[in-house]
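Just below is one structure, and these are the notes that go with it.
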Amino acid sequence: MRSVKGLPARPSAIMATHGDHPTLPVHLESLLMDDVHTVFLKADCPPRVKRGEIGALKLVEIEDSSEPSDTLFLEQLEEDLVALVEEHRHRSDCFLEIDRKGCRVIQLGDLRITSAWPPFSDAREITVVRPVAKLSIGDYDLDERLIERLRNHHRGVFICGRPGSGKTTLAQAIAEYLDTEVGAMVKTMEAPRDLQLEQRITQYAPLEGDLEKTAEIIFLVRPDFVIFDEVRRARDFEIFADVRLAGVGLLGVTHANSALEAIQRLIGKVELGLVSQVLDTILHVESGRIQQVLELRMTVKPPTGMQEELARPVIEVVEFPSGKLTHEMFAFGSEIAVVPLEGRATNELSPVKAMAKQHMSNTIRQWVGVDCQIKFSGESSATIYAPSNMISTLVGRGGENVKQLQNELGGIRLSIESFDDMPDDLEQPNRFWQDNRKNGRSGGRDNRKNKGKGGRKKSYR
């Protein structure tokens, strides 16, 4: 990290208390009204602010601003802010966080100020962000069972939600609860550092620009619990898993529209058998309140809708504290399936059958190059309707292809029949398919009505 005009970056600085920052230039300070969360200044545009409560912020344009907002004004304003950092070097909460070509991030007390200029941005701009509230764990009116779960800080926890939903505010409350009430040693990993915490909670930035190196230091200082703010990229999820599997309690803050989406973001970065060890609790936040809590449990059983002898590792997604099972996660073929257990119409296929049908369709298309029709005749049996001159290809020598497909589908029994024998309620997916090897007669569905007693039916089980 570089310095600006002799101004050092301070990677070990500690954040300010809520609402405390050096006095800003008059124009900028006047925009920071009590309910303002963010100030947006851009060259040749009227100032705008986001104001309101968590989860109900509104973007408002300041029309009566008397100050100019051209490029020269914003450039001078940024120089004044840099000078403020230099002036308050004695404060551990005033420092240069990031300095890159076209962008600079400054921390001034509880304010995070980001400036950008061409060629990185199309025009010079300054954005000032501050927390609009600081809450304690008691302000959330949580179920005692959830508080007890959080007290056991040897867990993997996600806080998820949309931007501005209150994720960071909740993470701060949990961190200070564990520090003051539970007596746990709490550290943070942040890029940039954004949490407003007690000074004895040390906040770490990316070491030499790399959070993986930060994680190595985390192990050496032996914390009981780590707050990992802004888990976004694939590598962030991998670092989250590495730290958690090392036995450190970990809370990650990530963007997702639902608790289930947060779980799915972890899938693929971690082996399925380790998911529940890495992550066991997910808190979904909206409008500053916890809307849903999910728990992950690992078990060995047949997934719902499969036969008993096909038991396998299954991760159950359970609502907390009710214990209601909502989804199952398991390996299905070469993919990881996330299957809902309710909410479908009565005439729809079960999720397992729908996945099986899709897998069969894709596999058969690869084998013979055409689409086939599939109909389930029971909980664990199905019939594949295909062009009659391709049935032998689908069956394979000694039935090896069918056996392979049955094993991939969890033991579903398969029959293969001709399009000519397809029930009337099914439509042939290849209307113009012609079986030219059957005496020049089309193998399509339209000809099955004209076949006589000599018509052939092929069925393989």
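The structure displayed is predicted, hence computed values, not measured ones. When a residue number appears, it is its place in the shown sequence, counting from 1.
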Hey, does the side chain of Arg130 reach the backbone of Val36 with a donor-acceptor pair shorter than 3.5 angstrom?
yes

May I have the step-by-step check of salt bridge (Lys or Arg N to Asp or Glu O under 4.0 Å) for Asp20 and Arg91, ending in yes or no?
CA-CA 11 Å; Asp20 179 24; Arg91 291 182 53 160; 3.2 Å; yes

For Gln76, the option from Asp80, Leu74, Leu72 that meets side chain to side chain contact (heavy atoms under 4.5 Å, CB included)
Asp80

Here the pair of heavy atoms bringing Pro206 nearest to Asp210 is CB-N, 3.6 Å

Between Phe73 and His27, ring centroids under 6.0 Å
yes

Check whether any side-chain heavy atom of Lys187 sits under 4.5 Å from a side-chain heavy atom of Ile201, and report yes or no.
no

Could you give the distance from CG (Leu266) to CZ (Phe158), rounded to the nearest 0.5 Å?
5.5 Å

Give a yes or no on whether the backbone of Glu176 and the side-chain of Glu198 come within a donor-acceptor separation of less than 3.5 Å.
no

Do Lys269 and Glu238 sit within salt-bridge range, that is, some charged N less than 4.0 Å from a carboxylate O?
no

In sequence, state the C-alpha distance, the side-chain angles, and the governing distance for Thr127 and Leu41, and then conclude on side-chain contact (heavy atoms from CB on, under 4.5 Å).
CA-CA 6 Å; Thr127 305; Leu41 300 177; over 6 Å; no

Tell me whether Asn152 at atom CG has more than 12 heavy atoms from other residues, nucleotides or ligands lying less than 6.0 Å away.
yes

For the residue pair Ile282 and Val317, establish whether any side-chain heavy-atom pair is separated by less than 4.5 Å.
no

Do other residues, nucleotides or ligands put more than 12 heavy atoms under 6.0 Å from Glu29 CD?
yes

Can you tell if the side chain of Arg149 reaches within under 4.5 Å of the side chain of Glu295, non-hydrogen atoms only?
yes

side-chain contact (heavy atoms from CB on, under 4.5 Å) between Val157 and Leu250, worked out:
CA-CA 6 Å; Val157 181; Leu250 192 58; over 6 Å; no

Are any of the side-chain nitrogens in Asp280 or Arg155 under 4.0 Å away from the carboxylate oxygens of its partner?
yes

Taking all heavy atoms of Leu279 and all of Thr281, pick out the closest pair and write down the distance.
CD1-O, 3.5 Å

Separation between CZ of Phe240 and CZ of Arg235, rounded to the nearest 0.5 Å
14.0 Å

Taking the side chain as C-beta and beyond, is there a heavy-atom pair between Leu260 and Gln264 under 4.5 Å?
yes

Could you measure the distance from the CD atom of Glu125 to the CD atom of Glu78? Nearest 0.5 Å is fine.
11.0 Å

Minimal non-hydrogen separation, Lys42 against Ala123, with atom names
CE-CB, 3.9 Å

So how far is it from Glu230 CD to Thr168 OG1, rounded to the nearest 0.5 Å?
6.0 Å

Is the backbone of Arg162 close enough, under 3.5 Å, to the side chain of Lys167 for a donor and an acceptor to pair up by distance?
yes

Side chain to side chain contact (heavy atoms under 4.5 Å, CB included) involving Leu220 - partner list, sequence neighbours excluded
Ile217

Would you mind reporting whether Thr383 and Ile374 have side-chain heavy atoms less than 4.5 Å apart?
no

Between the side chain of Arg232 and the main-chain N/O of Asp236, is any donor-acceptor distance below 3.5 Å?
no

Return the minimal non-hydrogen interatomic distance between Tyr204 and Thr214, and the atom names on each side.
CB-CG2, 3.6 Å

Pair Glu190, Gln203: side-chain N/O donor-acceptor within cut-off below 3.5 Å:
yes

Has the side chain of Arg104 got a donor or acceptor atom that lies under 3.5 Å from a matching backbone atom of Ala116?
no

I'd like to know whether Val278 forms a side-chain contact (heavy atoms from CB on, under 4.5 Å) with Leu245, so could you lay out the CA-CA distance, the side-chain angles of the two residues, the decisive distance to 0.1 Å, and finally the verdict.
CA-CA 6 Å; Val278 171; Leu245 292 173; 3.9 Å; yes

Do Cys372 and Ser361 come close enough that some side-chain heavy atom pair is under 4.5 Å?
no

Can any side-chain N or O of Asp224 pair as donor or acceptor with the backbone N or O of Met185 at less than 3.5 Å?
yes

Just by distance, with hydrogens left out, do Ser165 and Glu286 show a side-chain donor and acceptor under 3.5 Å apart?
no

Distance alone, cut at 3.5 Å: any donor-acceptor contact between the side chains of Thr254 and Arg265?
yes

Is Ser121 reaching over with its side chain to a backbone N or O of Arg124, donor-acceptor style, under 3.5 angstrom?
no

Minimum side-chain heavy-atom gap Val314-Val300 below 4.5 Å:
no

Taking all heavy atoms of Leu272 and all of Ile315, pick out the closest pair and write down the distance.
O-CD1, 3.2 Å

Flag, side chain of Ser115 to backbone of Ile126, donor-acceptor distance under 3.5 Å:
no

Glu316 and His327: side-chain donor and acceptor closer than 3.5 Å?
no

Does the side-chain contact (heavy atoms from CB on, under 4.5 Å) test come out yes or no for Val186 and Val226, once each step is laid out?
CA-CA 6 Å; Val186 180; Val226 175; over 6 Å; no

Is the closest basic N to carboxylate O distance between Arg297 and Glu328 below 4.0 Å?
no

Would you name the heavy atoms of Phe120 and Gly102 that are closest together and state the gap between them?
CD2-O, 3.3 Å

Would you find a donor on one side and an acceptor on the other, under 3.5 Å apart, between the side chain of Glu79 and the backbone of Leu81?
no

Any Lys/Arg nitrogen of Asp35 or Lys58 sitting under 4.0 Å from an Asp/Glu carboxylate oxygen of the other?
no

Hey, does the side chain of Gln107 reach the backbone of Phe95 with a donor-acceptor pair shorter than 3.5 angstrom?
no

Rounded to the nearest 0.5 Å, how far apart are CD1 of Ile239 and CD of Glu212?
5.5 Å

Pro313 side chain reached by Met298 side chain, heavy atoms, under 4.5 Å:
yes

From Tyr140 OH over to Tyr177 OH, what is the distance, rounded to the nearest 0.5 angstrom?
14.5 Å

